[in-house]
Amino acid sequence: MQRNHLIRYMSDVQNFEKNMSTLSGKWDLLTLLGSMSNIGMDTSETRKAFEDLLDEPLMRLIEETFNKSLNELESKAQTAIDILIRNLFERTADIGFLATDDDIRDYLLFLRSTDMSISEEMRETKIKKKEALAERFSEYVSKYSVYENIILLDTKGKVLVQLDTANPVTVSKDPLLQESLRTHQGYVETFRSSDLTHNKPSLIYSYRVCNPENEEPLGVLCLIFRFENELQSIFRKLTQENPYIALELLSSEGSVIASSSAHHVPVGSYLQPRNNADHQTYYAGFEYLYKAVTTTGYQGYNGSGWIGHAMVPLHLAFRSSSRSTFLKNELFDSVAGAKAYFPQELEEILNKAKKIQSELDITVWNGNVKIANATGHESPFTKALLSEISKTGEETKRIFDHTVADLNRAMMIQYLEELKFQSSLAIDIMDRNLYERANDCRWWALTTTFRECLSHPTLSEDNRKKMDAILNYINGLYTVYSTMFIYDRDGTIVSVSSPENSSLIGKKIGYNWAHQTLNLVTTQEYVVSPFEPSPYYDNRATYIYNACIRNGEEENVGGIGIVFDAESQFEAMLHDTLPKDENHAVPEGMFALFVDRRGRVVSSTTPEIGTGTLLSLPESLTNLAPGCSDAQILPFNGVYYALGATCSNGYREYKQSDGYQNDIIALLYRPIGEIQSLENEAPAQRVYAYPKPNGTEETCEISTFFVGGSLFAIESKNVVCSLVQQELTSILHASEYNLGVISYDKRMVSVISLAKLLGMEKKYDKERDTIILVKAVIEKQVVYLGLAVDAIYSSPEVPLRSISHYSNVLKNENSLTKAVIIPDRAEDFGNEMISILDIPKIYSQLIQPYSRPLHKVMA
């Protein structure tokens with residue numbers, strides 16, 4: 001990654017660098033002033049530590065900004081190519097099945113038997129049969145609207161029948177003709193210019209039509225796919241939220257086959273078909289970020305080696321880095337800002353910054369102690385300098401905190417954006433798949449054999465076997481169905497697709513969907529059962545697609561029901577949309593669902609949520625408008641999840657103009673962390689406003705620190721310094737409050753737990769806790785003592801009038817507190833007072849008794 005080159009396009013990174021540059025200037029000045037102070041305060045190490053740490057969030061910010069844009073390009077390019085491949089997989093089945101259509105075979109056999117006849121009657125018969133076949137083609141395209149033309153040719157390339165009457169071709173010399181006659185595959189897929197399609201690049205599926213008696217080729221059938229129309233539909237949906245992105249479909253050599261912006265990237269132009277190291281390229285005089293991907297394939301089908309390609313101008317690539325296209329719910333800010341949910345690398349940056357700041361706090365605190373214990377005058381300049389150093393350190397750390405929090409927030413937004421996008425992909429796959437099911441039932445209802453057999457008052461056994469064989473053949477090709485059946489005009493099942501279901505024959509369908517089917521008016525209509533447990537699917541929930549079967553007089557004589565294998569098919573769709581790692585495994589804890597508007601589960605990828613389960617979902621999700629998406633953070637089973645949701649909107653005419661309504665919502669869940677973690681977040685540290693001395697008031701220097709969330713103080717004249725990272729050595733026969741000893745200036749110093757004195761069960765943690773070294777005069781000797789505290793705070797100078805000694809208010813010889821600091825206003829200390837510890841008493845009561853010889857103590 002060319003870091004310096006990219007930064008100029010990344011506004012978030014530039015703002016971070018600008019803030020840190022300003023602080024760096026401050027540190028330079030403070031370092032200079034510190035060297036001039038009477039305590040020789042040197043902040044150069046602190047400044048260097050912060051500067052060294054700067055690279056970590058900076059690089060992470062650059063990487064996250066870069067990866068967000070690159071991932072968006074990859075997702076859209078991958079989706080474009082994979083959705084297309086899924087669509088084309090269905091087409092490979094279409095051509096193989098339609099080439100066996102009896103009406104097409106009969107027409108070719110009829111032409112062969114009448115080649116020598118030139119009678120007027122025969123010519124009229126030919127015209128009628130041709131018109132009838134053209135009408136059948138029209139019926140097919142009205143159902144499978146992905147085709148723009150159907151062409152039937154004889155074995156020499158003569159056009160016999162075609163749907164598009166404006167197409168001038170009468171004879172084709174396209175090599176696909178001979179390939180279709182000879183191939184051992186089930187279809188021929190051709191994409192290039194062809195005389196069959198006005199010599200423009202087209203996608204054609206072709207296969208030979210054979211005599212059913214001896215498999216002799218009679219002609220070639222061609223299905224012309226609406227290639228440009230389909231690609232523009234895919235591109236339009238993928239670019240609507242980010243119009244800066246251009247999507248292309250490339251040949252394996254890099255030639256543009258289709259483009260979302262033909263004026264910008266014309267068809268026929270050349271683009272990089274392979275990714276380079278930095279994913280950057282030049283095109284038409286501009287720099288671009290790009291991603292090229294190959295298809296993941298679908299059920300072994302990989303198309304023609306095409307490449308999905310997405311690109312965005314580099315100066316616009318990171319413009320939307322902080323933009324989210326969903327409404328953040330109330331949990332977003334609290335969860336996204338909670339350190340409990342930060343990834344480890346971000347948490348480490350915060351811990352390093354906190355450690356640097358802690359060390360600076362110790363230095364400043366000790367500097368104030370040194371001033372308080374200095375002989376002669378105190379130095380207002382030095383105290384002000386120390387205060388400014390402390391503030392600058394806090395400001396630096398705050399920028400790190402905000403930057404890391406913003407990074408986590410950006411990552412959370414990216415999760416939600418990805419889940420929202422993947423949910424839209426899941427529902428799009430579902431709609432496209434079920435569109436095919438609606439097509440299938442209507443087309444198969446037009447099968448001539450079905451129409452003729454059901455036209456008879458009674459169904460003979462031979463006719464039943466004919467229908468069984470056809471259903472069995474269809475079910476063998478279309479494995480998305482668990483079974484198929486045909487029922488007569490009374491709703492009684494008369495034919496099934498497999499012998500295993502022969503027990504259904506003779507049974508009447510008692511469901512309303514069969515009654516509705518038998519009352520349909522046109523061949524374009526269909527009926528879908530509610531999603532419910534069905535005896536035709538082992539009492540599991542599914543959809544059954546139905547269409548009426550009509551005789552030659554256009555009377556309804558029965559219906560066809562095709563039972564969708566919902567359990568396996570829906571789960572496979574959901575699983576395909578879940579993100580995978582390098583081992584093709586779904587990240588732990590992720591799952592996906594299809595639900596209806598009531599929250600009832602239609603399909604699930606986790607065994608913990610079964611089909612039919614009723615989920616409690618917010619109305620903002622269950623009331624999503626068709627085609628709309630959202631993303632939220634929601635609690636579920638004790639865990640916070642990032643969730644993406646999209647409501648179905650259909651595909652082409654399916655669910656849009658065909659009268660069928662059945663809103664399904666795709667939900668994708670990604671775990672963030674256990675809910676308890678958020679509840680354990682540490683509260684913000686309280687800010688204290690100390691009493692201000694007026695004029696020549698006498699004052700006292702104090703040093704403050706926290707224990708268990710409360711603030712305490714010691715007169716600074718009793719403080720030696722504060723220490724961190726101290727290892728304690730346990731000692732025998734010591735007070736229960738004595739944690740052990742440390743070595744300081746060739747002395748062994750006992751350390752007292754102030755937390756235990758306050759009745760708290762808290763163990764000493766050398767990584768977190770601070771030891772304040774204090775001194776006192778006992779029996780004319782200077783003694784030393786360590787106090788374990790949670791954290792040091794500040795070193796203010798307070799007026800003596802604010803200090804109230806316990807001797808004046810409370811007679812207690814055993815009290816270890818000598819006085820309290822009373823604020824000018826109660827709210828300055830949060831309606832509390834700050835206790836000043838009595839160091840001599842602490843020593844005499846907790847250390848001295850245990851310092852006598854053991855035999856005297858025991859006596």
* Structure fact -> By salt bridge (charged side-chain N to carboxylate O under 4.0 Å, His left out), R550 pairs with (sequence neighbours left out) E554
* To do: Supply the atom-to-atom distance T281 OG1 to M311 CE, rounded to the nearest 0.5 angstrom.
  => 7.0 Å
* **Gap separating the CG atom of N439 from the CD atom of E653, nearest 0.5 angstrom** => 6.5 Å
* Asked: Given side chains that start at C-beta, do those of F110 and K126 come closer than 4.5 Å, heavy atoms only?
  -> yes
* E230 and R91 ion-paired at < 4.0 Å -> no
* Would you please classify the geometry between the W513 ring and the F485 ring as parallel, tilted or perpendicular, with 30° and 60° separating the classes? => tilted
* Asked: Side-chain contact, heavy-atom cut-off 4.5 Å: I83 with N87?
  -> no
* Could you note down all residue pairs passing salt bridge (Lys or Arg N to Asp or Glu O under 4.0 Å) where residues 146-164 supplies at least one of them, sequence neighbours left out? => none
* Does the pair D440/K143 count as a salt bridge with the N-to-O cut at 4.0 Å? -> no
* Asked: Is the shortest distance from a Lys or Arg side-chain nitrogen in K129 or E124 to a carboxylate oxygen in the other one below 4.0 Å?
  -> no
* Partner of L454 under side chain to side chain contact (heavy atoms under 4.5 Å, CB included), chosen from V557, N556, N463, N551 -> V557
* Salt bridge present between R86 and E436 (N-O < 4.0 angstrom) -> no
* Just how far is it from atom OG1 of T517 to atom CG of N546, taken to the nearest 0.5 Å? -> 4.0 Å
* Near-ring test Y651/Y435, centroid separation under 6.0 angstrom -> yes
* Asked: Looking at F450, Y140, Y481, Y473, which one forms a ring-ring contact (aromatic ring centres under 6.0 Å, His included) with W444?
  -> Y481
* Determine whether Y107 and L152 make a side-chain contact, defined as any pair of heavy atoms from C-beta on separated by less than 4.5 Å. => yes
* Asked: Out of curiosity, S202 OG to I224 CD1, how far, rounded to the nearest 0.5 Å?
  -> 6.5 Å
* **Side-chain heavy atoms of L163 within contact of S138, under 4.5 Å** => yes
* To do: Look at the rings of F89 and Y298 and say which category their plane angle falls in: under 30° parallel, 30 to 60° tilted, over 60° perpendicular.
  => perpendicular
* Around E121, counting heavy atoms of other residues, nucleotides and ligands shown, do more than 12 lie under 6.0 Å from its CD? -> no
* Counting only heavy atoms not in E228, do more than 12 sit closer than 6.0 Å to its CD atom? -> no
* With a 4.5 Å heavy-atom cut-off, do L247 and S259 have their side chains touching? -> no
* To do: Applying ring pair (Phe, Tyr, Trp, His ring centres under 6.0 Å), run through W306 and F227 and close with a yes or a no.
  => CA-CA 13 Å; W306 293 330; F227 183 76; 5.6 Å; yes
* Taking atom NZ of K237 as the centre, does the number of heavy atoms from other residues, nucleotides or ligands within less than 6.0 Å exceed 12? -> yes
* Specify the closest pair of heavy atoms between N302 and T295, including all atoms of both residues, with the distance to one decimal. => O-CG2, 3.6 Å
* **Output field: ring centroids F570/F564 closer than 6.0 Å** => yes
* Note: D468-R464 ion pair, threshold 4.0 Å (strictly below) -> no
* Six-ring centre of Y537, R540 cation under 6.0 angstrom, axis tolerance 45° -> yes
* Asked: Atom CD1 in I151, atom CD1 in I204: separation rounded to 0.5 Å?
  -> 7.0 Å
* Asked: CD of Q185: more than 12 outside heavy atoms within 6.0 angstrom?
  -> no
* **Residue pairs involving residues 187-213 (criterion salt bridge (Lys or Arg N to Asp or Glu O under 4.0 Å); sequence neighbours excluded)** => D174-R192
